[in-house]
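For reference, the structure is listed below as structure tokens.
Atoms considered below: every heavy atom in the structure, side chains included; atoms not considered: hydrogens, waters and symmetry mates. None of these values were measured; they are calculated from a predicted model.
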Amino acid sequence: TPADYNVLTASNNVNISGTVAALNWNEIGLATNTEYGRQARGVNGPTGFPTALTPSTSWYTHAAQPGTPAQPFTQVNFTSVTLNWLANGNPPATLYAAQISTDAFATVNGSSRTYDTSTVFSGLGANTTYHFQVRAINHGGTETGFISLGSTVTLAAPPVAAAFSGMGTDRIQAGWTSANPSGTLYELRASTDANFSGVATSSLTYNLFVSSTGLNVNTTHYFQVRA
């Protein structure tokens with residue numbers, strides 16, 4: 001029975017352990033998400049001669065949980081958001097899985113798997129709060145826990161003008177359609193100047209129309225709306 005043991009690298013049989021008496025070997029300071037191979041052999045006590053090597057065993061170290069950058073969200077539009085995170089020591093070609101949710105992950109609205117440290121979520125709703133999280137997956141398929149990257153609100157979609165209605169001598173109703181959800185705030189401005197250098201009225205509303213009154217009689221008025 002061997003009295004002691006050596007642990008060697010599988011690639012070039014370098015003795016990395018020295019001579020140990022225990023039946024286990026712990027290594028620290030290894031790179032994340034990296035493959036390592038090891039073999040062991042016994043050392044006979046009386047003679048000091050080594051036994052044959054065991055078969056090579058290899059494994060991947062775990063990936064590190066991704067890090068949070070100063071700006072997780074870039075290029076926020078009304079239908080898309082670019083999400084960013086930090087590799088946090090993981091090597092290139094580490095796989096990441098990102099998720100998006102409108103209800104703090106009671107349900108998942110979308111997911112993306114990528115070898116980059118950013119991804120684009122598209123097809124989103126306008127003026128909607130989305131929560132984001134991401135995790136890393138090592139080359140052996142072992143996943144880290146998710147890290148929250150916070151939340152952001154997509155931009156409101158530009159309204160689309162509709163036909164005027166309710167016209168009178170000093171009043172008119174301006175309306176519009178919108179891809180925004182209910183609860184979106186709109187601002188309607190009216191002016192007798194096509195360049196809106198002088199604004200006659202300005203109104204805020206959660207509706208898809210505003211009835212403007214007190215306008216100049218028999219005068220052309222111009223209207224613009226934004227969300």
Practice item. Assess whether side-chain hydrogen bond (donor to acceptor under 3.5 Å, both in side chains) is satisfied between Thr74 and Asn84, documenting all intermediate values. Key: CA-CA 8 Å; Thr74 55; Asn84 308 278; 3.1 Å; yes

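- In this structure the side chain of Ser178 reaches within 4.5 angstrom of the side chain of Leu208, judged on heavy atoms.
- Across Ser80 and Val120, no two heavy atoms sit closer than the pair CB-CG1, 4.4 Å.
- Using a 3.5 Å distance cut-off with no hydrogens or angles, the side chains of Asn33 and Thr94 do pair a donor with an acceptor.
- Aromatic ring centres of Trp85 and Tyr96: separated by under 6.0 Å.
- The shortest side-chain heavy-atom distance between Pro158 and Phe78 falls under the 4.5 Å cut-off.
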Exercise for review: Could you go through the side-chain hydrogen bond (donor to acceptor under 3.5 Å, both in side chains) check for Ser211 and Gln173 one step at a time?
Suggested key: CA-CA 4 Å; Ser211 296; Gln173 179 172 293; 3.0 Å; yes

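- A pairwise comparison of heavy atoms in Phe196 and Ser191 identifies CD2-CB, 3.5 Å as the closest pair.
- Residues Tyr206 and Val160 do not share a hydrophobic cluster, defined by chaining ILVMFWY side chains whose heavy atoms lie under 4.5 Å apart.
- In terms of modelled atom types and a separation under 3.5 Å, the side chain of Asp116 and the main chain of Ser118 share no donor-acceptor contact.
- Residues Val43 and Leu53 are members of separate hydrophobic clusters, defined by side-chain heavy-atom contacts under 4.5 angstrom among Ile, Leu, Val, Met, Phe, Trp and Tyr.
- Ala227 is linked by a side chain to side chain contact (heavy atoms under 4.5 Å, CB included) to Ala156, Pro159, Asn180, Thr184, Tyr186, counting only residues two or more places apart in sequence or in another chain.
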Review point. Can Ile100 and Leu124 be said to form a side chain to side chain contact (heavy atoms under 4.5 Å, CB included), step by step?
Key: CA-CA 10 Å; Ile100 186 173; Leu124 307 182; 3.8 Å; yes

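- In this structure, the ring pair (Phe, Tyr, Trp, His ring centres under 6.0 Å) partners of Phe164, at least two apart in sequence or on a different chain, are Phe223.
- At a threshold of 4.5 Å between non-hydrogen side-chain atoms, the residues Val134 and Leu149 count as touching.
- Rounding to the nearest 0.5 Å gives a distance of 6.0 Å between OH of Tyr130 and OG1 of Thr154.
- A side-chain donor-acceptor contact under 3.5 Å links Asn138 to the backbone of Thr61.
- Residues passing the ring pair (Phe, Tyr, Trp, His ring centres under 6.0 Å) test with Phe73, sequence neighbours excluded: Phe132.
- Ile16 and Trp25 get closest at one heavy-atom pair: O-CZ2, 3.7 Å.
- Between Thr9 and Gln39 the shortest side-chain heavy-atom distance does not fall below 4.5 Å.
- Looking only at distances, a side-chain donor or acceptor of Asn6 sits under 3.5 Å from a matching main-chain atom of Gly18.
- Taking the side chain as every heavy atom from C-beta outward, Ser212 and Leu188 approach each other to under 4.5 Å.
- Rounding to the nearest 0.5 angstrom, the gap separating the CD atom in Gln99 from the OG1 atom in Thr107 is 10.5 Å.
- Ile172 is listed as a side-chain neighbour of Met167, based on a closest heavy-atom distance under 4.5 Å.
- Considering only residues two or more places apart in sequence or on other chains, Thr32 meets the side chain to side chain contact (heavy atoms under 4.5 Å, CB included) condition with Ala64, Asn90, Pro91.
- Using a 4.5 Å heavy-atom cutoff, the side chains of Phe146 and Gln65 are not in contact.
- Between the side chains of Ser112 and Thr119, at least one donor N or O sits under 3.5 Å from an acceptor N or O.
- Partners of Ser101 by side chain to side chain contact (heavy atoms under 4.5 Å, CB included), not counting sequence neighbours, listed by chain and number: Asp103, Phe105, Asn109.
- In the hydrophobic clustering of ILVMFWY residues, with side-chain heavy atoms under 4.5 Å counting as a link, Tyr222 and Val217 come out apart.
- No hydrogens or angles considered: nothing links the side chains of Glu187 and Ser203 as a donor-acceptor pair under 3.5 Å.
- Here the closest heavy-atom approach between residue Gly145 and residue Arg135 is recorded as O-CB, 3.4 Å.
- Taking Ala31 as the reference, Thr34, Tyr36 meet the side chain to side chain contact (heavy atoms under 4.5 Å, CB included) condition, with sequence neighbours excluded.
- The minimum heavy-atom distance linking His131 with Ser151 is given by the pair ND1-CB, 3.6 Å.
- Considering only heavy atoms from C-beta on, Ile137 stays 4.5 Å or farther from Thr142 through its side chain.
- Residues Arg41 and Ala52 share a closest heavy-atom pair of CB-O, 3.9 Å.
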